[in-house]
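For ligands, and for the atoms within them, numbers begin at 1 and follow the listed sequence.
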Amino acid sequence: MGRVIVFGSLSQDLHLPMQRHPRTGETVMSGDIEYRFGGKGANQAVAAARAGVGSVFVGKVGDDPQGREYVERLRIFGVDTSQMEIVEDAPTGTAIIYNDKDGENMIVVAPGANHRMGMADLDRLDDLTGEDVLLMPLELPLDVVAAAAWRGHERGARVMLNLAPFAELPADVLALCDPVVVNEHEADLLAQAGLEVPELLTTLGAEGARWGDLTVPATPVTPVDTTGAGDAFCGTLAAALCRGADRAAALAEAAEAASANVLHHGAQPPLPAE
Ligand code: ADP
C-alpha cells in the first residue's frame with residue numbers, strides 16, 4: 001500500500017495569554033505560558049498516521065531539546081521520522097502566539113530549521129512511487145516546495161498542495177496537484193490573484209467542504225479550538241486517497257476527522273499512551 005509523505009514544517013508553539021497586546025517599547029504581563037506542538041506539516045503527518053496509513057514526515061528540527069522531543073512525539077504517533085534531519089545551524093521552528101482577552105492573536109514565527117530545507121532535500125523523495133501521496137503545505141521556502149511538487153510528479157506520486165499560508169505558486173505547479181486545498185480565505189486570495197486551479201478543494205469551516213461538484217457537510221459539533229482543522233482535513237484526505245478511496249468517500253472521511261479535531265485544544269490530539 002502507498003504512503004503519505006509530508007514534505008513540510010514543524011514548530012513549537014508558545015501561547016501567551018494576556019489582557020491586551022503590548023505596544024512598541026511596552027512590557028505587559030502574561031498568564032502562564034502554554035507549549036503546544038504545531039507546524040502545518042507535522043500536524044498533517046500526524047493526521048495521516050492516525051488515519052491508518054504509512055505516514056512519512058520529511059522535515060528538519062534544530063539540535064535542541066524541543067526538536068528532539070518533537071521527533072519522539074511524531075514517532076509515538078506512528079509517523080516515520082527516518083527522513084527527518086537534526087540541523088546544527090538553526091533552532092527548531094518556533095511560533096509565539098499572543099492571545100488577548102478578546103481572542104485576537106498576534107503571531108511571530110521564527111522558521112529556524114524549517115528554512116534549512118533546500119533543494120538537496122528533494123533527494124529524500126526519490127523513493128516515491130505511483131502509490132504514494134506527496135502532501136505539502138507552504139511553510140517552507142516556496143521554490144523548494146515547487147521543485148518538490150515536480151519531483152513527486154516525476155516519480156508518479158499523487159501530489160497534493162495545501163496553499164496555507166497563502167502564497168502564489170506557478171500555474172504549472174498548481175496544475176499538477178490533485179487536489180489543491182484551500183480554506184475560504186485562501187480561496188478568495190487565489191481568486192484575487194487570478195490563478196486557475198483545475199482541481200480545487202475548498203474547506204468551508206463549519207459548512208464542510210467542496211471539491212468540484214462534490215460537497216460534504218461538516219459534523220455539527222461545538223468547537224473547543226479550531227486550530228489545525230484544515231491540517232487534520234488535509235492529512236486525512238491524503239491518507240484516504242492513498243488507501244484507494246474515491247473522492248466522495250475521501251472527502252467525507254476528511255471532513256469527519258477535521259470536525260473531530262476541533263473538539264480538543266491544540267492542533268494535534270493528545271499523545272496516545274505507548
Ligand atoms: P482551516 O483550519 O484551514 O481554516 P476550515 O476552517 O475550513 O480550515 O476547516 C477545515 C475543516 O474542519 C472543515 O472542512 C470542517 O470539516 C472542519 N471544521 C472546521 N470548523 C468546524 C466547526 N466549527 N464545526 C465542525 N467542523 C469544523
Side-chain angles (χ1 to χ4, degrees), residues 4 6-11 13 15 36-51 95 97 99 103-107 109 133 135-140 145 160-169 174 177-193 195 197 199-241 245-269:
V4 173
V6 181
F7 189 84
S9 58
L10 153 169
S11 81
D13 295 344
H15 289 257
R36 292 197 187 150
F37 295 87
K40 293 179 190 298
N43 295 343
Q44 294 179 9
V46 166
R50 280 167 49 87
I97 298 133
N99 299 313
E104 296 292 335
N105 286 340
M106 277 173 62
I107 302 179
V109 175
V133 176
L135 170 61
M136 295 182 289
L138 300 187
E139 289 175 333
L140 300 184
V145 174
M160 265 181 74
L161 266 187
N162 174 213
L163 288 197
F166 180 79
E168 292 183 29
L169 284 181
L174 296 176
C177 298
D178 183 16
V180 171
V181 183
V182 291
N183 65 15
E184 287 175 289
H185 173 64
E186 292 144 7
D188 285 345
L189 295 172
L190 196 61
Q192 281 166 30
L195 285 168
V197 175
E199 286 295 342
L200 186 66
L201 193 167
T202 309
T203 61
L204 308 165
E207 300 300 312
R210 181 175 57 234
W211 186 357
D213 300 336
L214 292 169
T215 56
V216 65
T219 315
V221 294
T222 305
V224 171
D225 178 4
T226 59
T227 312
D231 295 334
F233 185 98
C234 288
T236 309
L237 185 85
L241 291 171
D246 65 22
R247 289 178 176 215
L251 198 56
E253 187 177 333
E256 191 182 337
S259 295
N261 202 68
V262 306
L263 297 176
H264 55 70
H265 284 284
Q268 294 173 17

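Among protein heavy atoms, atom 4 (O) of ligand 1 sits closest to Asn183 ND2, 3.0 Å. For atom 6 (O) of ligand 1, the nearest non-hydrogen atom of the protein is Gly205 CA, 3.5 Å. Looking only at protein heavy atoms, the nearest one to atom 9 (O) of ligand 1 is Ala229 CB, 3.7 Å. Looking only at heavy atoms of the protein, atom 11 (C) of ligand 1 is closest to Ala258 CB, 3.6 Å. At the shortest separation from atom 25 (C) of ligand 1 among protein heavy atoms lies Thr219 O, 3.3 Å. Val221 CG2, 3.6 Å is the protein heavy atom nearest to atom 24 (N) of ligand 1. Protein heavy atom nearest atom 2 (O) of ligand 1, with residue, atom name and distance: Gly230 N, 2.9 Å. Ranking the protein heavy atoms by distance from atom 23 (N) of ligand 1 puts Pro223 CG, 3.4 Å first.
Minimum interatomic distance between Leu135 and Ala238 (heavy atoms only, all atoms of both residues): CD2-CB, 4.0 Å. Shortest non-hydrogen contact noted between Pro223 and Val221 is CD-O, 3.3 Å.
Around atom 14 (O) of ligand 1, the closest heavy atom drawn from Ala255, Gly208, Ala232 belongs to Gly208.
The neighbour count for Arg50 CZ, taken as heavy atoms of other residues, nucleotides or ligands under 6.0 Å away, does not exceed 12.
Qualifying salt bridge (Lys or Arg N to Asp or Glu O under 4.0 Å) partners for Arg36, counting only residues two or more places apart in sequence or in other chains: Glu34, Asp225.
Side-chain atoms of Ser259 come within 3.5 Å of backbone atoms of Thr219 as a donor-acceptor pair (strictly under, hydrogens ignored). Formation of a donor-acceptor pair under 3.5 Å by the Asn105 side chain with backbone atoms of Ile107 is not found in this model. A donor-acceptor distance shorter than 3.5 angstrom exists from the side chain of Glu139 to the backbone of Lys40, with no hydrogens or angles considered.
The proximity of Leu204 to ligand 1, defined as any non-hydrogen pair under 4.0 Å, is limited to the backbone. Heavy atoms from both the backbone and the side chain of Ala206 come within less than 4.0 Å of ligand 1. With a heavy-atom cut-off of 4.0 Å, Thr203 touches ligand 1 through backbone and side chain alike.
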request  = Assess whether salt bridge (charged side-chain N to carboxylate O under 4.0 Å, His left out) is satisfied between Glu184 and Arg210, documenting all intermediate values.
outcome  = CA-CA 10 Å; Glu184 287 175 289; Arg210 181 175 57 234; over 6 Å; no
